[in-house]
Trainee: 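My questions will all concern the structure given below.
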2 protein chains.
Amino acid sequence: MSRRTRELNATTAAPVFAALGDRKRLALLARLANGQPQSIVQLTRGMGLSRQGVTKHLTILEQTRLVTSERVGREIRFTLQSNRLGEAKRYLERASQQWDDAIGRLQKLVEK
Amino acid sequence: MSRRTRELNATTAAPVFAALGDRKRLALLARLANGQPQSIVQLTRGMGLSRQGVTKHLTILEQTRLVTSERVGREIRFTLQSNRLGEAKRYLERASQQWDDAIGRLQKLVEK
DNA sequence: CATAAGAGCGACCTCTTGGTTGCTCATTAC
DNA sequence: GTAATGAGCAACCAAGAGGTCGCTCTTATG
């Protein structure tokens, strides 16, 4: 029984958004979204950052489960976890929906 | 011609996610999502934080346009901007969709 | 086997973040 | 008019983030 896809709350969502809150990390995710799993050196290319710097970012992304990694020989291949992005997306969805509902109720009151 | 609701890219999205990447700030947004615009002292209540601390968080939320403020007498009322949340949501939507599409194409290739 | 390639680990540095306190200013209430 | 309330500003502090370098370890490759 995997608990991987339960809903995020303020406490669990914050680290995920924090992980998304960096240009370089978003760039890494965008790279991974484009196709196959990629190794650290591959992801380092054209990133304007040292390999160790990239590793740090990938560690953060992995800790928040936005990516997963798999060792293949001497390489480590990173894969985007789109379901995790989905969880973050749904969190925002709920917040904005709640607000829109509140506004809607308020307007009805005013109209009466 | 307002440019407020154009699409986010990696550069413009990062600060928004960074703003969302803090428990306290998510709590503030949740509060604002519950109903009417609220002042700083109101938002401070039960936050376990000094008024100035809350002000700092609200400043960050306002700089990224997740909230707007309006002066009313000696108070400042903060309002949630649900469309901004929507922009962030759509950014995540695109990334995960792109990945899912890539995976789909890959599987088709394998099946052949 | 020797070497190259991919990655881990630790030390280090600087700038930013999240938080505080203290004081001042403006607006409302009595 | 005086007090109380809401907010701004500046200084300060500790901890964390983002980045580097240097060295070691492991896994191919020739």
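The structure presented is a predicted model; accordingly, all values stated were derived computationally and were not measured.
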Trainee: Can a side chain N or O of B:Arg71 be found less than 4.0 Å away from OP1 or OP2 on C:dT27?
Mentor: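 For B:Arg71, the contact criterion (side-chain N or O under 4.0 Å from OP1 or OP2 of C:dT27) is not met.
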Trainee: Can B:Glu87 and B:Arg84 be counted as an ion pair, charged N to O under 4.0 angstrom?
Mentor: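 Counted as a salt bridge, because a side-chain N and a carboxylate O are separated by less than 4.0 Å.
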Trainee: Do B:Leu43 and B:Arg31 come within less than 4.5 Å of each other through their side chains, counting heavy atoms only?
Mentor: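 Side-chain contact under 4.5 Å: yes.
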Trainee: Are B:Ser50 and C:dT20 close enough that a side-chain N or O sits under 4.0 Å from OP1 or OP2?
Mentor: yes
Trainee: To the nearest Å, how far apart are B:Asp22 CG and D:dA17 P?
Mentor: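 So the two atoms are 12 Å apart, to the nearest Å.
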Trainee: May I ask you to say what B:Gly73 touches in the nucleic acid, namely base, sugar-phosphate or nothing, with a heavy-atom cut-off under 4.0 Å?
Mentor: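 Sugar-phosphate contact only.
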Trainee: From CG of B:Leu43 over to P of D:dT5, roughly how many Å is that when rounded to an integer?
Mentor: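 Spelled out: CG on B:Leu43 to P on D:dT5 is 19 Å.
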Trainee: Supply the atom-to-atom distance A:Ser69 OG to A:Glu75 CD, rounded to the nearest 0.5 angstrom.
Mentor: 12.5 Å
Trainee: Got a donor-acceptor pair under 3.5 Å from the side chain of A:Gln52 to the base of D:dG18?
Mentor: no
Trainee: Nearest whole Å is fine: how far is D:dG18 C1' from A:Leu49 CG?
Mentor: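 Atom-to-atom, A:Leu49 to D:dG18, this comes out as 8 Å.
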Trainee: Please compare A:Val54 and B:Glu75 by the position of their nearest nucleotide in DNA chain D and report the one closer to 5'.
Mentor: B:Glu75
Trainee: Do A:Thr64 and A:Phe17 have side-chain heavy atoms sitting under 4.5 Å apart?
Mentor: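 Answer no - side chains too far apart.
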Trainee: Look at the side chain of B:Arg51 and the base of D:dG8, then say whether one donor and one acceptor between them are separated by less than 3.5 Å.
Mentor: yes
Trainee: In whole Å, what is the span from the CD1 atom of A:Ile60 to the C1' atom of D:dG19?
Mentor: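 Spelled out: CD1 on A:Ile60 to C1' on D:dG19 is 11 Å.
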Trainee: So A:Tyr91 and B:Leu26, do their side chains get closer than 4.5 Å, heavy atoms only?
Mentor: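 Result yes, sub-4.5 Å side-chain heavy-atom pair found.
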Trainee: Taking any heavy-atom pair under 4.0 Å as a contact, classify B:Arg77: base, sugar-phosphate, or nothing.
Mentor: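 Counting heavy atoms under 4.0 Å across all strands, no contact is made by B:Arg77.
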Trainee: Check every strand shown and say whether B:Arg23 touches a base, only sugar-phosphate, or nothing at a heavy-atom separation below 4.0 Å.
Mentor: nothing
Trainee: Is any N or O donor-acceptor pair between the side chain of A:Lys24 and the base of D:dG18 shorter than 3.5 Å?
Mentor: no
Trainee: In whole Å, I'd like the distance from the CE atom of A:Met47 to the P atom of D:dG19.
Mentor: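 Whole-Å distance recorded here is 10 Å.
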Trainee: Of B:Gly53 and A:Thr55, whose nearest nucleotide on DNA chain C comes first from the 5' end?
Mentor: A:Thr55
Trainee: Is any side-chain N or O of B:His57 closer than 4.0 Å to OP1 or OP2 of C:dG19?
Mentor: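 It does, given that an N or O in the side chain of B:His57 lies less than 4.0 Å from OP1 or OP2 of C:dG19.
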Trainee: Round to the nearest Å and state the distance from A:Phe78 atom CZ to C:dG8 atom C1'.
Mentor: 12 Å
Trainee: For A:Gln63 and D:dG18, what is the distance between atoms CD and P respectively, to the nearest whole Å?
Mentor: 12 Å
Trainee: Under the 3.5 Å rule, do the base of D:dT5 and the side chain of B:Arg74 count as making a donor-acceptor pair?
Mentor: yes
Trainee: How many whole angstroms separate atom CD1 of B:Ile76 from atom P of C:dC25?
Mentor: 17 Å
